[in-house]
Amino acid sequence: MNVNEQFAQTILLAWQGKLELSELIDSASRLDGEGFRPLAAVLYRTWLSRNESPMGHVVQFNLGATLSVERDVVGSEVAYREAIRLSPGFVQPRVNLGTLLEGQGKIEEALAEWRWVVDHVSPQDPNNKPLVVMALNQMGRVLEINKRLNEASAVLTTSLSLEPEQVDVLHHWISLRQKQCLWPVYIPLPNVNPKYMRDATSALSMLSISDDPQEQLAAARRYVKNKLNSDVPKLANSNGYGHRKIRIGYASGDFCLHPVSLLTVELFELHDREKFEVYGYCWSPEDGSPMRQRVISAMDHFTKIHTMSDVEAAQLIRRDEIDILVDLQGQTAGARANMLAYRPAPVQITYLGLPATTGLPSIDYVIADKFLIPENEALNYSERPIYMPDVYQVSDRKRNVGPKPDRADCNLPPEGFVFCTFNNNYKYTPELFDAWMNILRRVPGSVLLLLADNQWSETNLKKEAKARQIDPKRLVFGPRLSPENYLARYQVADLFLDSFPFNAGTTANDALWMGLPLLTLTGRSFASRMAGALLTAAKIDSLICYSVQDYEEKAIALANDPAEMARLRAHLQGVRNEGVLFDTERFVRELEARLLPLAK
């Protein structure tokens, strides 16, 4: 009996009220499995219209799930709500309805459904416990996305109390504590082994915890083991394509107003079109920014792949016969490592997205310099370094700068030395905060200008200052600004104090571009050597420190030496005009010279 005959027979029985519930579910599942999901939905609807059953809520739920997969959002919502009306204690449709509402942008309604589950369903019931945990995790994810960090932390803590061994939940819980400057980041949780907690730390979060490149490589490899589907066909032609121009593709979810684009946009513009054809593969937000438009205009071909699956995107890149694919994402938010796993290009390179080794077997090279990745540390990277002669980081020389603000505009006192650090707050550590407070203590009248990242980190940092006998008013928080006004704000500061072990990257570039001296603390890892690499290219090795004590003493000495500060500013002006650090044309030519031999 073919599908049409079988369906006709089954739908007739449903219409006649003669189809048992078990037969209904079996038939619908079979139709779904054979690729006839719309017919399964028709069968459910027919049965519901012609049958009275105490199990109607189950059928409504199945209908809702079927229509959801078919992207019938309205029909799916109606079915889930009817399932809940018929059986208010039925948990699964509430969990699913929350996800459906989230997809429509109805965040508060989605949270309300999940919160009902958490408030009304006992996790002591082994059948319902997974649903309660799922509802908590959905809440935590959405709250974090919507910057409600303290609420997200609370619900994920509850989730971990119910189910301690959740790697994904733990790594978000750790990240949330970092973002709020909740120190120490690692605190005891019931039934969570401390080693398990550290092993659950994501590669990105690890950058603010350790400057040991071996530990970062281990974190990256755990991600590969747990998340990456490596058993997939390799698509690229290993013999190359023989193009007259090398086809270079840049893949990113950050082709918008994002630090990666702020650094790379002029690189795209300056590629030698006689030797290279430039492709962009984008899954970035449509933020409407001039930066996004500039990136798009800089590409010879620009393709949005956000609606494509990883395999579809990889197949597209393969059809485009890309010779060299540069991934600008690494393991940061939005990464598409499974797309790279298909090896859509014969040569695949990581750049800028993750300031550490990716651990990805599909990545061949990392763009670096010999300060950033010393040759004796290269064995701690899964990629081979492509060593640039001057500096690993490209720059944009077309940055617009707004008018210089007054100190009062930045809530700064009329007098006193201004230290600043505009790094994201998740880079701050209690150990370096100790040093910053010691510096303020020993430089009377000085203040520290920081980025106002979120209200909870601000509250916690003020509390930490007070605990160290420093007046919290000496911490001044500046809001996020448009790029030109953000750059202008550097002009009111006297010295940038870098974070450690996760240094400033784009932020360090901006500070030096604006002529602001930057003091950094350098370690062994990529992330802890970024600012030092820039200072090396700028020929200001004196601002690179290798111990916290040296860092403190040098900051204090500089604050008391106006002549040296003036000399450093003058030197940076020369670097901007004539040095290699901001010679983007030279960078692009040197990079191209290293890429050409890689393309077969």
Taking [Y]'s backbone N and O only, do any of them form a donor-acceptor pair with [X]'s side chain (distance below 3.5 Å, no angle check)?
X      : Y      : answer
Asn460 : Gln180 : yes
Ser76  : Val73  : no
Lys234 : Val232 : yes
Asp287 : Leu257 : yes
Arg222 : Asp199 : yes
Arg85  : Pro88  : no
Ser153 : Leu149 : yes
Thr264 : Leu267 : no
Ser297 : Gln293 : yes
Thr357 : Ser382 : yes

Partner set under side chain to side chain contact (heavy atoms under 4.5 Å, CB included) for [X], not counting sequence neighbours:
X      : value
Pro164 : Asn191, Val192
Arg45  : Leu63, Leu67, Asp72
Leu111 : Ile107, Glu108, Trp114, Arg115, Met139, Val142, Leu143, Arg148
Leu316 : Tyr281, Thr303, Ile305, Met308, Arg319, Asp320

**Report entry** Short side-chain donor-acceptor distance under 3.5 Å, Ser202 and Gln331
**Finding:** no
Query raised in the report: Have Glu383 and Thr350 got a donor and an acceptor in their side chains that come within less than 3.5 Å?
Result: no
Query - Ionic contact status for Arg37 with Glu70, cut-off 4.0 Å - result: yes
Sequence neighbours left out, what pairs pass salt bridge (Lys or Arg N to Asp or Glu O under 4.0 Å) with at least one residue falling in [range]?
range            : value
residues 86-98   : Arg94-Glu113
residues 48-64   : none
residues 353-362 : none

**Report entry** Working for salt bridge (charged side-chain N to carboxylate O under 4.0 Å, His left out), residues Asp453 and Lys179
**Finding:** CA-CA 8 Å; Asp453 208 0; Lys179 290 175 181 176; over 6 Å; no
Query - Sequence neighbours excluded - ring pair (Phe, Tyr, Trp, His ring centres under 6.0 Å) pairs with any residue from residues 69-108 - result: His57-Phe90, Phe61-Tyr80, Phe61-Phe90
With [X] via ring-ring contact (aromatic ring centres under 6.0 Å, His included) - residues at least two apart:
X      : answer
Phe276 : His271
Trp116 : His120
Trp183 : Phe433

Query raised in the report: Could you walk me through whether Arg30 and Gln6 pass the side-chain contact (heavy atoms from CB on, under 4.5 Å) check?
Result: CA-CA 11 Å; Arg30 191 162 51 250; Gln6 191 175 35; 3.5 Å; yes
Query - Verdict with supporting geometry, Leu217 and Arg221, side-chain contact (heavy atoms from CB on, under 4.5 Å) - result: CA-CA 6 Å; Leu217 177 60; Arg221 284 178 169 162; 3.5 Å; yes
Query - Note, Asn229 side chain near Asp231 side chain (heavy atom, < 4.5 Å) - result: yes
Report task. Apply side chain to side chain donor-acceptor pair (under 3.5 Å) to the pair Gln315 and Arg318, showing each step before the final yes or no. Result -> CA-CA 5 Å; Gln315 288 168 341; Arg318 171 62 183 86; over 6 Å; no
Requested in this report: Output, in order, the C-alpha distance, side-chain angles, deciding distance and verdict of side chain to side chain donor-acceptor pair (under 3.5 Å) for Gln104 and Glu77.
Outcome: CA-CA 11 Å; Gln104 299 174 64; Glu77 181 176 344; 3.3 Å; yes
Report summary line: Here the pair of heavy atoms bringing Ser457 nearest to Cys181 is CB-SG, 4.0 Å
Report summary line: Between Arg292 and Phe255 the two heavy atoms that sit nearest each other are NH1-O, 2.7 Å
Please list, one pair per line, the donor and acceptor atoms closer than 3.5 Å that link side chains of residues 16-28 to other protein atoms, with sequence neighbours excluded.
| unit_1 | atom_1 | unit_2 | atom_2 | d |
| --- | --- | --- | --- | --- |
| Glu23 | OE1 | Glu20 | N | 3.0 |
| Ser27 | OG | Glu23 | O | 2.9 |

Report summary line: Per side chain to side chain donor-acceptor pair (under 3.5 Å), His172 is matched among Arg141, Glu144, Gln166, Arg177 by Glu144
